[in-house]
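Taking it in order: structure first as structure tokens, then the write-up.
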4 protein chains.
Amino acid sequence: MEYNSGSPIYLQVINELKKKMVKGELKPGEKMPSNRELAVLYKVNQNTAARIYREMEMAGYCYTKRGIGTFVSEEEYMFDNVKKEMAEELLKNFVHEMHDLGFQKGEIIEQIADYEEEQK
Amino acid sequence: MEYNSGSPIYLQVINELKKKMVKGELKPGEKMPSNRELAVLYKVNQNTAARIYREMEMAGYCYTKRGIGTFVSEEEYMFDNVKKEMAEELLKNFVHEMHDLGFQKGEIIEQIADYEEEQK
Amino acid sequence: MEYNSGSPIYLQVINELKKKMVKGELKPGEKMPSNRELAVLYKVNQNTAARIYREMEMAGYCYTKRGIGTFVSEEEYMFDNVKKEMAEELLKNFVHEMHDLGFQKGEIIEQIADYEEEQK
Amino acid sequence: MEYNSGSPIYLQVINELKKKMVKGELKPGEKMPSNRELAVLYKVNQNTAARIYREMEMAGYCYTKRGIGTFVSEEEYMFDNVKKEMAEELLKNFVHEMHDLGFQKGEIIEQIADYEEEQK
DNA sequence: GTGGTCTAGACCACA
DNA sequence: GTGGTCTAGACCACT
């Protein structure tokens with residue numbers, strides 16, 4: 001993983017983890033990597049790893065059992081919401097930037113349809 | 001303007017200027033801001049401003065008359081190409097990230113259609 | 001090295017480096033001096049050294065591995081072309097200046113033959 | 001005229017004037033431009049113009065009649081020598097740089113013959 | 001005023 | 001250690 005985006009690394013890692021939850025690579029109730037493992041996996045300082053879990057726990061994405069580990073939240077409905085939120089975020093930015101380039105609303109759908117077509 | 005992304009400032013400004021050209025806010029043959037003005041406009045050092053124009057000139061987006069100023073390229077066809085390229089770039093990233101979130105091809109178009117609908 | 005000519009230092013150094021490539025003193029794939037070394041070697045600022053390599057890379061004379069170094073391009077055929085181009089440039093200027101002095105085409109060859117003879 | 005070469009402007013102008021003498025554009029005994037005229041012609045300060053004639057006179061290329069003007073030297077043989085000297089200077093530099101590029105003695109004549117051929 | 005070059009010194013990410 | 005970027009401040013030539 002590369003940390004380009006200028007936003008703090010811990011936010012970038014949180015985003016990656018959220019994606020994994022959304023995609024089901026991290027399933028509800030599943031044990032997440034330990035602080036130390038996370039630090040190694042993402043080439044991050046342990047303090048940063050700790051902060052990542054702290055923030056995610058506060059947001060409800062996971063919970064911690066002291067001495068045992070950190071686990072993916074079992075509130076399944078949450079991940080659907082997260083997926084929607086993240087998708088909307090992407091979508092909003094994308095549409096905004098396309099408008100910024102001078103594309104009208106209809107054109108954007110055309111473009112994307114064309115692109116999907118090409119990929120087939 | 002804010003400089004969030006990890007890419008170098010000079011590239012971000014180049015991108016902004018390219019957008020302006022694509023959108024017709026900077027018209028072919030038109031005088032662009034002087035180095036010093038650009039530096040102020042984008043809160044950038046004069047050297048960075050100079051580099052921006054130097055790189056854009058090398059890429060064919062503008063040309064320079066010493067002692068006079070920097071001017072938008074008069075090769076009009078170029079800007080259509082640029083618009084297409086920039087749109088494809090945005091599109092590619094967007095689709096990739098949506099796939100990364102677990103959305104299938106068809107779903108993406110639905111989402112975007114829904115979003116456009118909401119905006120009306 | 002002295003910087004007499006009116007052309008910018010970075011161009012003069014680029015020319016020197018191109019000569020070294022053409023003459024085989026810098027071989028394809030070989031590591032070139034680091035930015036900092038180049039700066040010392042040619043008594044130039046590090047920024048200027050960086051610019052030299054940046055421009056040479058854009059022209060295809062070398063390539064860069066971040067954190068590792070700058071290397072002579074491995075496109076061997078290129079250096080033959082460069083040699084020809086540089087020779088033609090010298091030749092064109094020389095002939096032009098000799099004509100300017102009033103020498104006719106044939107005379108120039110005589111002169112140069114005489115000179116070569118002297119040197120033996 | 002452009003003053004690129006980094007050498008002092010007065011030397012560059014002297015060189016131009018010597019060329020004109022060698023080519024017969026300034027003939028022995030002919031009146032040369034006044035200081036003021038020279039200053040205008042070569043976009044040079046009058047002091048510089050004065051220095052140019054002073055140095056040329058010291059070298060024997062011209063002589064001054066007070067109150068009348070500056071005249072091209074009448075020693076005709078001199079210009080043949082000058083022509084030879086300037087040609088040798090050009091030639092020496094040219095051959096040196098070609099050697100520097102890796103060309104052997106014989107090759108240089110070939111090259112120049114080829115070039116003259118092309119021009120026909 | 002314009003663009004172009006150069007230096008000095010700093011900080012970053014990569015390895 | 002490497003290359004890459006950025007700033008600050010200076011000087012030049014051209015107009």
Side-chain angles (χ1 to χ4, degrees), chain A residues 1-9 12 42-45, chain B residues 1-15 30-58 61-72, chain C residues 1-15 30-58 61-72, chain D residues 1-9 12 42-45:
Chain A
M1 178 167 181
E2 298 173 5
Y3 298 111
N4 297 324
S5 80
S7 74
I9 290 182
Q12 296 185 50
Y42 287 93
K43 290 175 188 168
V44 154
N45 189 289
Chain B
M1 179 168 181
E2 300 172 6
Y3 299 111
N4 302 322
S5 101
S7 77
I9 292 182
Y10 77 90
L11 285 180
Q12 296 184 50
V13 176
I14 286 177
N15 228 31
E30 183 179 342
K31 184 175 179 312
M32 300 175 74
S34 75
N35 273 351
R36 288 154 179 86
E37 286 168 348
L38 192 72
V40 173
L41 276 171
Y42 287 94
K43 291 175 188 166
V44 155
N45 185 276
Q46 276 197 29
N47 288 317
T48 305
R51 178 172 187 179
I52 286 164
Y53 281 155
R54 195 192 323 139
E55 305 241 346
M56 290 186 76
E57 181 170 13
M58 287 191 300
Y61 296 121
C62 54
Y63 62 91
T64 263
K65 293 184 192 170
R66 285 196 50 162
I68 309 285
T70 302
F71 300 82
V72 181
Chain C
M1 180 166 181
E2 300 173 4
Y3 299 111
N4 302 321
S5 102
S7 78
I9 291 183
Y10 76 92
L11 285 180
Q12 297 184 48
V13 175
I14 286 177
N15 228 31
E30 183 179 342
K31 185 176 180 309
M32 299 174 74
S34 76
N35 273 351
R36 288 155 180 86
E37 286 168 347
L38 193 71
V40 173
L41 276 171
Y42 287 92
K43 291 174 188 167
V44 156
N45 187 276
Q46 276 196 30
N47 287 319
T48 305
R51 177 171 188 181
I52 286 164
Y53 281 154
R54 197 192 321 140
E55 305 241 347
M56 289 186 76
E57 181 171 12
M58 287 191 299
Y61 297 121
C62 55
Y63 62 92
T64 264
K65 293 183 190 170
R66 284 197 49 162
I68 309 286
T70 302
F71 299 82
V72 181
Chain D
M1 179 166 181
E2 300 173 4
Y3 299 110
N4 295 324
S5 80
S7 73
I9 290 183
Q12 297 184 49
Y42 287 94
K43 292 173 187 168
V44 153
N45 189 289

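Lettering of chains follows the sequences in order, A, B, ..., and the numbering in each one begins at 1. These numbers were taken from a predicted model, which means no experiment stands behind them.
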**Report entry** B:Glu37, nearest nucleotide to its side chain (from E:dT2, E:dC6, F:dT2)
**Finding:** E:dT2
Query raised in the report: Can you list the stems that include DNA chain F, where a stem is three or more consecutive Watson-Crick or G-U pairs with distances under 3.5 Å?
Result: E:1-14 with F:1-14
Query raised in the report: Taking CG from C:Asn35 and P from F:dC6, how many angstroms apart are they, rounded to a whole number?
Result: 16 Å
Query raised in the report: Are there more than 12 heavy atoms of other residues, nucleotides or ligands under 6.0 Å from atom NZ of C:Lys31?
Result: yes
Query raised in the report: If you look at every strand shown and take non-hydrogen atoms under 4.0 Å, does C:Thr48 touch a base, only sugar-phosphate, or nothing?
Result: base
Report summary line: Contacts of B:Ile68 and C:Arg54 projected onto DNA chain F by closest heavy atom; the upstream (5') one is C:Arg54
Report task. Mind listing the closest non-hydrogen atom pair of B:Ile14 and B:Glu55 along with its distance? Result -> CD1-CB, 4.0 Å
**Report entry** side chain to side chain contact (heavy atoms under 4.5 Å, CB included) partner of C:Thr70, the single match among C:Leu38, C:Thr64, C:Ile52
**Finding:** C:Thr64
Report summary line: When rounded to whole Å, the CE to P distance for the pair B:Met58 and E:dG3 reads 16 Å
Tabulated below should be each protein N or O lying under 3.5 Å from an N or O of nucleotides 10-12 of chain E; please produce it.
none

Query raised in the report: For the side chain of C:Pro8, counting heavy atoms from C-beta on, which of E:dT2, E:dT5, E:dG3 is nearest?
Result: E:dT5
Query raised in the report: Which part of the nucleic acid, if any, lies within contact of B:Tyr53, taking any heavy atom under 4.0 Å across all strands shown: a base, the sugar-phosphate backbone alone, or nothing?
Result: nothing
Report summary line: Closest to the side chain of B:Thr64, out of E:dT7, E:dG3, F:dT15, is E:dG3
Query raised in the report: So, do C:Ser34 and C:Tyr53 sit near enough that their side-chain heavy atoms are less than 4.5 Å apart?
Result: no
Query raised in the report: Please give, in whole Å, the distance from E:dG3 C1' to B:Asn45 CG?
Result: 15 Å
Requested in this report: Provide, to the nearest angstrom, the distance between the CD1 atom belonging to C:Ile52 and the P atom belonging to F:dG4.
Outcome: 13 Å
Query raised in the report: Do any N or O atoms from the side chain of C:Gln12 and from the backbone of C:Ser7 form a donor-acceptor pair under 3.5 angstrom?
Result: yes
Query raised in the report: Just how far, in rounded Å, is C1' of F:dT7 from CZ of B:Arg51?
Result: 14 Å
Query raised in the report: Hey, what do you get for CE (C:Met56) to CZ (C:Arg51), rounding to the nearest 0.5 Å?
Result: 14.0 Å
Query raised in the report: Looking only at heavy atoms, which two atoms of C:Tyr63 and C:Val72 are closest? And how far apart?
Result: CE2-O, 3.4 Å
Query raised in the report: To the nearest 0.5 Å, how far apart are OG1 in C:Thr48 and CZ in C:Arg54?
Result: 10.0 Å
Requested in this report: In whole angstrom, give the distance that lies between atom NZ of B:Lys65 and atom P of E:dG4.
Outcome: 14 Å
Query raised in the report: Quick one: is C:Tyr10 getting a side-chain N or O under 4.0 Å of the E:dT5 phosphate, OP1 or OP2?
Result: yes
**Report entry** Nearest heavy atoms of B:Ala49 and B:Ala39, plus distance in Å
**Finding:** CB-N, 4.0 Å
Query raised in the report: Once you round it to whole Å, what is the distance between C1' of E:dA15 and NZ of C:Lys31?
Result: 13 Å
Query raised in the report: To the nearest angstrom, how far is C:Lys43 atom NZ from E:dC6 atom P?
Result: 16 Å
